[in-house]
Amino acid sequence: MFRLFGNKKLLMLMMALVVFIALMGLTLGKRVGLTWPEMVVKDTVAWTQGLFYKPARYIAGFFEDVRHLRRTYQENKILRMTLSQYARDTMRLNMLEAQNKNLKEILAFTERQKQADNYTYMVGEVISISPDPYSNTVNIDLGLKDGIKENMAVLSVNGLIGRISKVSNFTSSVQLLADMNGGAGTSAERTLEKGIAATVKGKENDVFGTIEYYDNERQALVMTRISQNSQVQVEEGDTIITSGLGQVFPKGIEIGKVLEKKIGEFGITYNAIVQPKATDFRHLREVLVVKVPEVE
Amino acid sequence: MRHLWLSLTLFLAFLMEGTVLKWIIPPVWQGQVMVSTHFTLVIVLFISLYVNRHLALIHGLAFGLLHDIVYYGATMIGTYSFTMGLVGYLTGLVSFRSRGSIVSSMLAITAGHFLFEAIIYGLYRLFQVTGQTPEWIFFHQMLPSVLINLLFALLLYVPLRKWLESMASESVKDE
């Protein structure tokens, strides 16, 4: 083995190892912003990738449409029903909104408090998806110039899919929920950093927990630290939404449905296995980035 | 200048990896069983077998770094660059004595690919990016990926070998 390499080559290999390990260590984890060479490379490549991704998507979409043609009639019927329901809900919503605004005026809410729930949604198109199975990174065509910042929540039409992890000038990377594959063996900071504060729809004042990691083997998210003491408990089939308590994600975004309730690690809390609503992380077209308003 | 076309081909393969293939590969293979396509790696291995290992080293490092930067999300820069460079170089060493038949070159590519997957997994485990057990990763990610990439290598074998060997003989003539 050593004759194969020779002294000089072995030295080179050692040098390379040292340099690369240092590079990996430095770029891993919390790091604020990207340097300009990274941005230039990323933006240039992303632009070229866009040329490929869109046509491929359209062609694949066409075949998918043909497959769905048979279901169209059924779907149409259901949609018409939901539409009438939607119209009724809008009426109610308008009324409630006006009432809510009035009440806030009376209670003298500050401008910041009033604006807190007024989210704006930005549509981004997917440029490319990483072929690396360990890091589920998706690049989208919104960047610093569009006001994107790190840690913003990203949704697809189905529900929450991830957060913005790195931003460059014209593009940014999305870290998908499936990338929270913590569990045993992953460093504590990495999982803790990415926990999402969550609650149950309809039981917002009783059930709290943290979406901690993605279980690769079960293909589901694990929600931990749900208190056993509260009167109302999380049940199978409940819808899990973000609670907004973590200050990172806005509140009320749908995450998924509870598949199973289990006793937690130390026996004093519950864990819930949550089936994410946006399941197909690998075939994304458009995503929505949620911008939380900032009032000085 | 002679290698410009080679670099362009690799760049095209790199673009394909992240864009078109996600739509071609059936969704069943992208859930629990994860097929990841590393076409740049396959071409780098071909270069290492049929041209020389130094060219493979350079291309492996360069395109690995490109991959690292473009898909730099929650992990780190340097894994793919280091691994692709190293694997490209090592594969060149192994096959140095005999430029064999299709079987031996496919074996070399399979071995190189497994080594690549193993080093990537090792690095991610070392830096605690992943906590999965090696057995699970082997059956759900490594094995399917290697098989699919081997299929791609077989598809490319005849045209790519011809092209690369003509390139290699030209460079010998120049010297």
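Below, chains carry the letters A, B, ... as their sequence lines are ordered, and counting in each starts from 1. For the numbers below, each heavy atom of this structure counts, side chains included, while hydrogens, waters and symmetry mates do not.
Of the candidates B:F114, B:F152, B:F116, B:H38 forms a ring pair (Phe, Tyr, Trp, His ring centres under 6.0 Å) with just one, namely B:F116.
In terms of heavy-atom pairs under 4.5 angstrom with chain B, the leader among A:R218, A:K42, A:M24, A:M39 is A:M24. Heavy-atom pairs under 4.5 Å with chain B were tallied for A:S173, A:S168, A:A46, A:S130; the largest tally goes to A:S130. Looking only at heavy-atom pairs under 4.5 Å with chain B, the residue among A:N139, A:I129, A:T137 that has the most is A:I129. Contact tally against chain A (heavy-atom pairs below 4.5 Å) for B:Y71, B:F14, B:F11: the top residue is B:Y71. Contacts with chain A were tallied for B:L126, B:I137, B:L86; B:I137 has the most, counting heavy-atom pairs under 4.5 Å.
Heavy-atom distances place both the backbone and the side chain of A:I21 under 4.5 Å from chain B. In this structure, the portion of B:L61 lying under 4.5 Å from any heavy atom of chain A is its side chain and not its backbone. Proximity to chain B (any heavy atom under 4.5 Å) is shown, for A:I59, by neither the backbone nor the side chain. Contact of A:D43 with chain B is not made at all, since no heavy-atom distance falls under 4.5 Å. If you measure heavy-atom distances from B:E17 to chain A, the contacts under 4.5 Å come from both the backbone and the side chain. Contact annotation for B:Y124: only side-chain heavy atoms (C-beta onward) come within less than 4.5 Å of a heavy atom of chain A. For A:S128, the parts sitting under 4.5 Å from any heavy atom of chain B are the backbone and the side chain alike.
Residue pairs meeting the salt bridge (Lys or Arg N to Asp or Glu O under 4.0 Å) criterion with at least one partner in residues 10-22 of chain A, sequence neighbours excluded, do not occur; the list is empty. Pairs passing the side-chain hydrogen bond (donor to acceptor under 3.5 Å, both in side chains) check and including a residue from residues 111-122 of chain B, sequence neighbours excluded, read B:H113-B:N149, B:Y121-B:R125.
B:R161 has a carboxylate O that lies under 4.0 Å from a charged side-chain N of B:E165, or vice versa, which qualifies the two as a salt bridge. The pair A:R225-A:E212 meets the salt-bridge criterion, with a side-chain N (NZ, NE, NH1 or NH2) lying under 4.0 Å from an Asp/Glu carboxylate O.
Within residues 62-70 of chain B, the residues having any heavy atom closer than 4.5 Å to a heavy atom of chain A are B:L66, B:H67, B:I69, B:V70, listed by residue number.
By the 4.5 Å heavy-atom criterion applied to side chains, A:K9 and A:L13 are not counted as neighbours. Counting only heavy atoms from C-beta outward, the side chains of A:V154 and A:I164 approach each other to under 4.5 Å. At least one side-chain heavy atom of B:H59 sits less than 4.5 Å from a side-chain heavy atom of B:L10.
Dense packing is recorded around CH2 of B:W136, with more than 12 heavy atoms of other residues, nucleotides or ligands lying under 6.0 Å away.
Here the closest non-hydrogen pair linking B:L49 and B:I109 is CD1-CG1, 4.0 Å.
With sequence neighbours left out, A:E75 forms a salt bridge (Lys or Arg N to Asp or Glu O under 4.0 Å) with no residue at all.
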From CA spacing to verdict: side-chain contact (heavy atoms from CB on, under 4.5 Å), A:I255, A:T242: CA-CA 7 Å; A:I255 298 172; A:T242 54; 3.7 Å; yes
